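Report on the structure given below.
All values derive from a computational prediction rather than experimental measurement. Each chain gets a letter, A, B and so on, in the order its sequence line appears, and its residues count up from 1.
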Amino acid sequence: MCLGIPGEIVEILSDRPDLAKVDVCGVRRAINIGLLEGKALAPGDWILIHVGFALSKIDEAEAKSALDFLESIGQAYEDEIAALRESMIEQG
Amino acid sequence: MCLGIPGEIVEILSDRPDLAKVDVCGVRRAINIGLLEGKALAPGDWILIHVGFALSKIDEAEAKSALDFLESIGQAYEDEIAALRESMIEQG
Amino acid sequence: MRFVDEYRDADKARALAARIATLCEPGRAYKFMEVCGGHTHTIYKHGLEDHLPAAVTLVHGPGCPVCVIPMGRVDDAIHIAEEPGVIMTSFGDMMRVPGGRGSFLDAMARGADIRMVYSPLDALKIARENPGKRVVFMAIGFETTAPSTAMTVLRAAAEGIANFSVFCNHVTIIPAIKAILDSPDLRLDGFIGPGHVSTVIGCRPYGFIAESYGKPLVVAGFEPLDVLQSVYQNLVQLSEGRAAVENQYARVVPWDGNPKALAVINEVMELRPHFEWRGLGFISDSALRVRERYAAFDAERIFDIPGGRVADPKACQCGEVLKGVLKPWECKVFGTACTPETPIGTCMVSSEGACAAYYNFGRFSRDRVKEATRT
Amino acid sequence: MRFVDEYRDADKARALAARIATLCEPGRAYKFMEVCGGHTHTIYKHGLEDHLPAAVTLVHGPGCPVCVIPMGRVDDAIHIAEEPGVIMTSFGDMMRVPGGRGSFLDAMARGADIRMVYSPLDALKIARENPGKRVVFMAIGFETTAPSTAMTVLRAAAEGIANFSVFCNHVTIIPAIKAILDSPDLRLDGFIGPGHVSTVIGCRPYGFIAESYGKPLVVAGFEPLDVLQSVYQNLVQLSEGRAAVENQYARVVPWDGNPKALAVINEVMELRPHFEWRGLGFISDSALRVRERYAAFDAERIFDIPGGRVADPKACQCGEVLKGVLKPWECKVFGTACTPETPIGTCMVSSEGACAAYYNFGRFSRDRVKEATRT
Amino acid sequence: MNEEQVLERIERARRRKARVREDLITLAHGAGGKATRTLIEDVFLESFRNPLLEPLADGAVADGVAFTTDSYVVTPLFFPGGNIGDLAVNGTVNDLAMCGARPAYLSAAFILEEGFPVADLRRITGSMAEAAREAGVTIVTGDTKVVQRGKADGCYITTAGVGMVDPGVRLSASAAEPGDAIIVSGPIGDHGVTVMLARGGLDIEADLVSETAPLNGLTARLLGACGGGQVRCLRDATRGGVATVLNEVAEAARVAVVLDEEAIPVRPAVRGACELLGIDPLYVACEGRMVAVVDGRSAGAALDALRGHPLGAGAAVVGRIAEDPPGLVLLRTGFGGTRIVDVLVGDPLPRIC
Amino acid sequence: MNEEQVLERIERARRRKARVREDLITLAHGAGGKATRTLIEDVFLESFRNPLLEPLADGAVADGVAFTTDSYVVTPLFFPGGNIGDLAVNGTVNDLAMCGARPAYLSAAFILEEGFPVADLRRITGSMAEAAREAGVTIVTGDTKVVQRGKADGCYITTAGVGMVDPGVRLSASAAEPGDAIIVSGPIGDHGVTVMLARGGLDIEADLVSETAPLNGLTARLLGACGGGQVRCLRDATRGGVATVLNEVAEAARVAVVLDEEAIPVRPAVRGACELLGIDPLYVACEGRMVAVVDGRSAGAALDALRGHPLGAGAAVVGRIAEDPPGLVLLRTGFGGTRIVDVLVGDPLPRIC
Ligand code: SF4
Ligand code: SF4
Ligand SMILES: [Mg+2]
Ligand SMILES: [Mg+2]
Ligand SMILES: [Mg+2]
Ligand SMILES: [Mg+2]
Ligand SMILES: [Mg+2]
Ligand SMILES: [Mg+2]
Ligand SMILES: [Mg+2]
Ligand SMILES: [Mg+2]
Ligand SMILES: [Mg+2]
Ligand SMILES: [Mg+2]
């Protein structure tokens, strides 16, 4: 529960290593990354933001494999629909 | 110097003997009469008010004799004017 | 928006919906509970149910941290806010939540200084900028939010900010799920597990649900495709006769959660023996309080709090709604006496509350809506 | 209005004016100083000079308590007002008086809490109602006003109101008149004595004016006929070759003043060795301060006051105007750089100030005004 | 230089362009006297300058339509004789009436402070409705804003009004001519003194009520009784009082205004309060009194017309327009002397000296 | 009772007379959502009721003249893209334009807080003059009040406006008909997000500016391009945003409004800020965007007309009017689902849950 939004790290503040400037769709805010202690964070990394804190680092590989799964279902569905349509044309 | 206004005592406040309700032309305010200690004050008496305090009790006899003087000058003046006018009519 | 837009795609939704439909055994009805109010919000906001077959029902759970705050705690918070020299700070979500003496908004109208913040760190900043005031942060939320509160207390302690304290109302999710599972009047087929809580606690704590209760639980993300996919994964498990904890939201949720976040919670807070949940009653070990060693930052110790219990209004059926026993519209006052303008229960206030989500986004004949929006 | 309207009668004024005219020796010019700003105000407000023959000139004296406050004291008052938690209270007359850093109104615009009161007792009331604030009363005025301040301090002491104090700027009239009499560049034929000061100090203190300086002084009331009559009485004395103190205002002024008022002043205040008068410079024994025994009510002791002297603006000729050496219009900045909106000197601020009275009520060709108003 | 020369120089100085010298707004800028005028001329007129705004009259008239606005920020909100609601309706109705218009439509914009009692708001809108009914106007559009506690004072109301001006009517302060009579419609200063006392800080009691009232009935009678050109100008004597209004007339028409102190109607209690506080009723705000400048030959007819209406029962001729000295208001005092009646610098502050 | 019956009962309940239940005004009463509506209906409309006020539109139209008012209390006074002065002029110009009027005259009433910098005031009036010039309107009358420190927030401005409505033009929310197209004139929410971020408390940066602008040029083009009756109604999507405006249309015309989420133009930064704060751009205020309801057959012509004007370059058809269910705004989501878009209860508060 509780609103969490993905944002991209733009900069780790040099004077405050527990803060990162994060970009959400062109909107920027300093986010506390103290809860991700021990994770290697760098500009370009994505994090999940909740009430001004980063709760986790987004795992791009996991994201990709999940999307691949969704794509595959989508593709299968389109194939089926196409097949269905063809069969209807054949019938028609 | 300093603005002072005559007002008429309407009531001596029973619970606060240093305060009197004073009327100025139908406008009423509680006035501190502590500076008039020793003067017998009663409703109907007139006092001079300055910044919420009564500074003196107005002496009606003195007021009357001063006004009498002014009246007398006024009367004398009118008599003179009348005399002057008559003399002009006589001349005219 | 990356990691967002991909998961709002209508075509993929239709494909997934087709799969879901094929997974449903004819004649069987399925009930899945989304534990988390964030999911409830997603479901209604995106009209997700339009993709579900009639056989699948989503049941809304107790995972709205605003909804479960009992009225007495709101009154306590207002009591603190009305102490001289206090600035109460709160997330926007709390502003309209009614206690026995009205809401924060009403208290503001009576003169209390209550300010909305985006982060507990903003409350700390207000404390720093107002040394002559006592700044209290109204801390609410599950394990998602508790680490932020704890981090803020640690920061206040490190900086020696003496005029800052926390009114701690953090709750924990597992006891609530357990209460649901143990409630006699509810039959569920599986769970859509709370994604953001799980970033902190990980997926292991749900193990007992699969093991002891034999129900699937799929930890899910908050975009509508995430939720739809977790329905799909639940159905797959059921069709395969399995019951396991799965992580649909692996891009964000590590299986083991966030150990640092758990550590800071544990540093600053401890379990309360009992805590009252609105609608659910007292649940043991279900909430957090500030530890003795941070007493200086604990509003409950600093202020003399009435701590009274306020009975829920008679008409209120939030408990049944929170447990998923009643659908919002089945509450007798839903939409007539209880509306978002005049909420009787908290479920009607928070946008994560099931009643509010249903009222704002879903309240209307689904058939007529579908008819009207057909393109 | 009794004791007012009788003394504003035009017919009596004309009669008195005729007498005054006959008392003037042909070819001789007469200069009388009205010491008191209240008289200046009366003279201009009622157009009294229209009743005077050209041979009689009224010269405006230093008796405007606002006009004689040096700029440094205004700055000190603003300094106090800008201390945290202070409510400064003041008569309306002070609000626009410029110090080196602007006026009370400007300080209010910058954020100071300065409130207008009608009576020092109202300031005490504010103190009573605001226990968390330090309430300071800006005390100004001659012996007329000093007893009220003293009574208020006594009352504060009796009630134990600890958050009330007085910034004492009371001045005494006799040293000022002496300074005038000793100034080399002024020739006066007599004085219109200050009526309301005399209710307190009585008429005896003026004796030296008649005795040592050989000038008549007539204590006068504040209605225009009072002032006109006192001119008349001055002229009668001169025509009879006498110089005495006379009391035109016997309805209000007892010959011996108000002993109780003098006693309370003396209880609470003592003479300062020196005090600066705007335009007149330092005058010994000319002002009052709070006695040691009432130190708890003395803002000068409570607050750390800069106490700096601020040189009057170069263009300012208030000193000459206050001494009656210059007529207001003879000041080089009168009415151009110095106006009531943009006063350079204090005489342009108070409605008792000679420059302000002349500017507001009299500034214009007397002949053209007379022509226009002829009925 | 002699006195006459100095005075000429001063008059020239007074006609120079106004300039705000302060860095910060002070209460004086809102008091209706010189500081207000300077602010309006130097900031608002300077920014917005156009021929319709330029006369700085009660409202603007174009194509037979009059348009005006005022914000109401009175403290206290409720006072003897009325409340901010009556004021907000009557004030704008009156500004339209002073343009010679028949007031028709009003707008009402509310700025409410968080915490303001809804019951008080209902009382205020009730009074507004009643006042609108009495004046025969309709409130056709509005707005509501709520600001945080401490960012207002309960309730501020801004009304604007639209009215229709009959073809024959053309009123302007600059139309005043020597020989014209100056009429006030009744005793002055009741409203201002009532509100000042209602604030409570002065602890003064008086049996006074605000005269707040819609004057369009009165102006209609007056315009009906006198021919079109006979009425030169109408002004409601609000903030700044009769003195300020007449200074504006003198200035706009470059004429002298000559008042007779004894002819000016002032209630005893108003006089008493003013004497006690050291202020001059000529500067005290009225909210149901107007000043009319009419052709001297129509003065009688005008007076009859006004006195025939309940709100004009106390109407009186208080002075006249003269040619010289232009731009000045003069007063013949009851004492038989004369003086200038200038524009006030700041608020009419209670004074002790 | 089954779900359908319950929902019917609820719809009936929603049409009951609004009643303010609170004793005190809260910020929600000014937020533009249901509480504001309830306050207006129960207090203001109840007190002032008349046929011209009753539609509660952007302004009132009578005898070919449109009249409107708004108070401006924005915090901060200066923000990227504008300030309170632009808003006060553009807002009232736009309300007139939304009445189908050619805006002509404006009034401007200022409530200034003691201590307000004169330089800021000059900047504001300068912007107002510039905005008035751009819109082709004249500020013809005004008012200034100064309140004590702590009784305002620097500067409040209330403008009212008068405009002329051509005979053929008759716009009304109740004129919307099934088959009509709904057009917005450009990306939504820029103003509201810009101001929210400019307050500084959220510490969020974005390259956003308010779109505040006068829309009368745009409306003139639109009315010119479509015949008189083809444009049913125009609304500027200020407080409460597009969602609120469309609910008013649905309610007034007793029709359904059906929106297509993907067609609604929202800038990425607005979306980003809204996602971060948990608010919905549909409820965010715009100050230079309008919603037009036009005959479906004229949608193309209307869009061309709008897109030909710089302020309408981003115009888009975002939905249509349907017959059923009356009084409701529906959204077809990008996800392929549907939902209601209801009136907001309070402010669009940043939320965490
Ligand atoms: S309708 Fe109201 S009272 Fe009923 S369950 Fe929902 S929130 Fe609770
Ligand atoms: S004109 Fe101004 S500077 Fe000159 S004497 Fe008068 S008050 Fe002083
Ligand atoms: Mg007016
Ligand atoms: Mg006006
Ligand atoms: Mg007020
Ligand atoms: Mg007005
Ligand atoms: Mg509006
Ligand atoms: Mg609008
Ligand atoms: Mg409007
Ligand atoms: Mg503001
Ligand atoms: Mg508007
Ligand atoms: Mg005005």
Worked verdict on F:Val341 versus C:Phe361 for side chain to side chain contact (heavy atoms under 4.5 Å, CB included): CA-CA 6 Å; F:Val341 177; C:Phe361 295 143; over 6 Å; no
Please tell me if the side chains of [X] and [Y] come closer than 4.5 Å, counting only heavy atoms from C-beta onward.
X        : Y        : answer
C:Thr336 : F:Arg9   : yes
F:Ile340 : C:Asn360 : no
F:Leu24  : C:Asp106 : no
F:Arg271 : C:Asp5   : yes
C:Leu225 : F:Phe335 : yes

What part of [X] gets within 4.5 angstrom of chain C, counting heavy atoms only: side chain, backbone, both, or neither?
X        : result
F:Asp203 : side chain
F:Glu8   : side chain
F:Glu11  : side chain
F:Leu259 : neither
F:Arg14  : side chain

Looking at [atom1] of [X] and [atom2] of [Y], how far apart are the two atoms once the value is rounded to the nearest 0.5 Å?
X        : Y        : atom1 : atom2 : value
F:Thr338 : C:His46  : OG1   : NE2   : 13.0 Å
C:Glu330 : F:Glu3   : CD    : CD    : 8.0 Å
F:Leu202 : C:Met116 : CG    : CE    : 8.0 Å
C:Phe334 : F:Leu7   : CZ    : CG    : 7.0 Å
C:Ile114 : F:Leu27  : CD1   : CG    : 10.5 Å
F:Leu330 : C:Glu371 : CG    : CD    : 11.5 Å

Per-residue contact mode, [X] against chain F (heavy atom under 4.5 angstrom):
X        : value
C:Met1   : both
C:Arg110 : both
C:Thr342 : side chain
C:Phe104 : neither
C:Lys327 : neither

Exercise: identify the closest heavy-atom pair between [X] and [Y]:
X        : Y        : value
F:Gly334 : C:Ala10  : O-CB, 3.2 Å
F:Pro326 : C:Arg368 : CD-NH2, 3.7 Å
C:Trp329 : F:Asn2   : CZ3-C, 3.4 Å
F:Thr26  : C:Ala109 : CG2-CB, 3.9 Å
F:Ala13  : C:Gly335 : CB-O, 4.1 Å
C:Pro340 : F:Val345 : CB-CG2, 3.1 Å

Pairs involving residues 28-39 of chain F, ordered by first then second residue, that meet salt bridge (Lys or Arg N to Asp or Glu O under 4.0 Å) (sequence neighbours left out):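 Every pair satisfying salt bridge (Lys or Arg N to Asp or Glu O under 4.0 Å) with a residue in residues 28-39 of chain F: C:Glu341-F:Lys34, F:Lys34-F:Asp342, F:Arg37-F:Glu41, F:Arg37-F:Glu248.
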Heavy atoms of other groups near F:Arg297 CZ, more than 12 under 6.0 Å: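 No - once you tally the heavy atoms of other residues, nucleotides and ligands closer than 6.0 Å, there are 12 at most.
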Flag if over 12 foreign heavy atoms under 6.0 Å of CZ, C:Arg128: yes
Worked check of side chain to side chain contact (heavy atoms under 4.5 Å, CB included) between C:Lys45 and F:Arg339: CA-CA 7 Å; C:Lys45 179 152 183 215; F:Arg339 65 164 162 103; 3.8 Å; yes
Results of side chain to side chain contact (heavy atoms under 4.5 Å, CB included) for C:Ala127 - residues two or more places apart only: C:Val135, C:Ile161, C:Asn163, C:Phe164
Options F:Ile10, F:Val6, F:Thr333, F:Val258, ranked by heavy-atom pairs under 4.5 Å with chain C, top entry: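 With the most close heavy-atom pairs to chain C, the winner is F:Ile10.
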Most chain C-contacting option - heavy-atom pairs closer than 4.5 Å, from F:Glu275, F:Glu323, F:Glu261: F:Glu275
Salt-bridge present (C:Arg363, F:Glu4; N to O < 4.0 Å):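 No, this pair does not count.
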